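Remarks on the structure that follows.
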Amino acid sequence: MSTRALRLTLVPILALTLLGLSTGAAAARTEAAPEPARPAGSSIGYDISYPQCGGEYPKNAAFAIVGVNGGLVHKPNPCLGADGDGDSQLAWAGKEAGLYMNTGNPGPELSSYWPIGQTSPRVCSADDPDTVDCAYDYGWNAAADAYRTALAAYVSLGWADAGAERTPVANVWWLDVETANSWRDDPVLNVAALQGMVDYLESMDVAGVGFYS
């Protein structure tokens with residue numbers, strides 16, 4: 001995803017509903033850290049991610065959303081946290097930045113991360129690994145991986161202690177649904193994968209979950 005100017009008024013975001021997916025906003029776990037100073041009256045926000053690594057980040061953003069993944073599920077954005085070169089996108093965005101993760105549902109034949117034999121939160125039988133429950137587990141695992149990536153970035157910046165299990169701020173998370181990523185022909189399986197992602201993030205008491213594309 002390239003840098004996008006988002007002309008929005010960002011208020012505490014209530015969870016969205018898409019394709020019958022149920023979502024809910026949860027209360028922040030800790031007192032929110034202060035946002036970086038934003039220009040008074042500015043209404044333009046930006047999202048950035050791995051395509052902007054090494055480049056100049058937008059200035060005077062009213063708000064910021066940062067990609068946790070490097071374009072694919074289970075692939076981290078190399079510029080999310082501290083990398084020794086001062087190129088951290090999370091540092092640019094601030095502790096309370098919105099975060100987004102890439103989504104997809106490649107199925108058992110294409111993904112080495114497919115949850116064959118997993119029994120929780122749902123059962124993905126090795127005898128029948130191409131089911132709604134398996135797709136749900138895949139989505140759950142993908143969101144867990146993205147959350148761990150975000151947490152590691154907070155730790156790298158000294159904003160969370162090593163060994164922390166949750167980010168210090170209950171960020172708003174967005175699920176980025178791109179047609180260029182891997183999806184199944186059956187939309188029911190795709191919805192199940194997205195539902196697993198939503199449910200995992202909500203289990204971590206994030207501030208809200210939304211979708212964009």
Side-chain angles (χ1 to χ4, degrees), residues 10-33 65-69 72-77 80-81 90 93 95-106 111 113-125 129 131-156 159-177 181 183-184 188-213:
L10 189 65
V11 297
I13 297 176
L14 298 179
L16 306 180
T17 301
L18 176 72
L19 298 176
L21 292 173
S22 62
T23 63
R29 298 180 301 282
T30 60
E31 182 178 352
I65 303 173
V66 182
V68 173
N69 301 116
L72 297 172
V73 175
H74 290 284
K75 181 178 180 180
N77 173 4
L80 183 62
L90 185 57
K95 288 182 179 180
E96 289 191 319
L99 303 174
Y100 80 83
M101 63 171 287
N102 292 116
T103 63
N105 180 24
S111 176
Y113 294 98
W114 201 253
I116 297 173
Q118 185 166 320
T119 59
S120 178
R122 298 187 180 178
V123 175
C124 179
S125 171
T131 65
V132 167
D133 288 341
C134 293
Y136 179 94
D137 281 350
Y138 176 82
W140 177 280
N141 296 348
D145 180 75
Y147 190 90
R148 287 191 297 268
T149 297
L151 178 57
Y154 275 95
V155 172
S156 75
W159 292 352
D161 294 333
E165 296 183 355
R166 300 196 181 197
T167 58
V169 176
N171 310 76
V172 172
W173 279 74
W174 296 91
L175 303 185
D176 183 23
V177 181
N181 287 349
W183 297 100
R184 309 304 303 282
V188 173
L189 296 175
N190 297 331
V191 169
L194 293 171
Q195 185 68 66
M197 296 174 193
V198 170
D199 289 352
Y200 176 82
L201 292 170
E202 289 190 338
S203 78
M204 301 305 289
D205 293 333
V206 301
V209 181
F211 294 84
Y212 69 12
S213 181

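Heavy atoms only: backbone and side chains are in, while hydrogens, waters and symmetry mates are out. This one's a predicted model, so the numbers in the text were calculated from it and none came from an experiment.
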Non-hydrogen side-chain atoms of D161 and V155 separated by less than 4.5 Å: no

L194 vs F211 side-chain heavy atoms within contact, under 4.5 Å: yes

Side-chain heavy atoms of R122 within contact of T131, under 4.5 Å: no

Interatomic distance, N69 atom CG to L99 atom CG [nearest 0.5 angstrom]: 10.5 Å

Side chain proximity check, V66 to L80, heavy atoms < 4.5 angstrom: yes

Parallel, tilted or perpendicular: ring planes of Y212 versus W174, cut at 30 and 60 degrees: parallel

CG-CG distance between L189 and D133, expressed to the nearest 0.5 angstrom: 10.5 Å

Side-chain heavy-atom pair S203, W140 within 4.5 angstrom cut-off: yes

Flag for D199-Y136: side-chain donor and acceptor within less than 3.5 Å: yes

Exam field: side chain N105 to backbone R184, donor-acceptor pair closer than 3.5 Å: no

Least distance between heavy atoms, V73 atom then G104 atom: CG2-N, 3.8 Å

Spacing of CE belonging to M101 relative to CG belonging to L201, to within rounding of 0.5 Å: 6.5 Å

Side chain to side chain, V169 and W159, heavy atoms closer than 4.5 Å: no

Nearest atoms (heavy-atom pairs only) where S120 meets Q118: O-NE2, 2.8 Å

Sub-4.5 Å side-chain heavy-atom contact between V177 and T103: yes

Nearest-0.5 Å distance, CE of residue M197 to CG of residue N141: 10.0 Å

Short side-chain to backbone donor-acceptor contact, N171 and K95, under 3.5 Å: yes

Over all atoms of both residues, closest heavy-atom pair of P115 and C134: CG-O, 3.4 Å

Atom pair CD (Q195) and CD (E202), whose distance is rounded to the nearest 0.5 Å: 8.0 Å

Aromatic ring pairing W114/Y138, orientation class (parallel under 30°, perpendicular over 60°, tilted between): parallel

Approximate separation, where rounding is to 0.5 Å, of Y154 OH and R166 CZ: 14.5 Å

Side-chain heavy-atom pair T167, L151 within 4.5 angstrom cut-off: yes

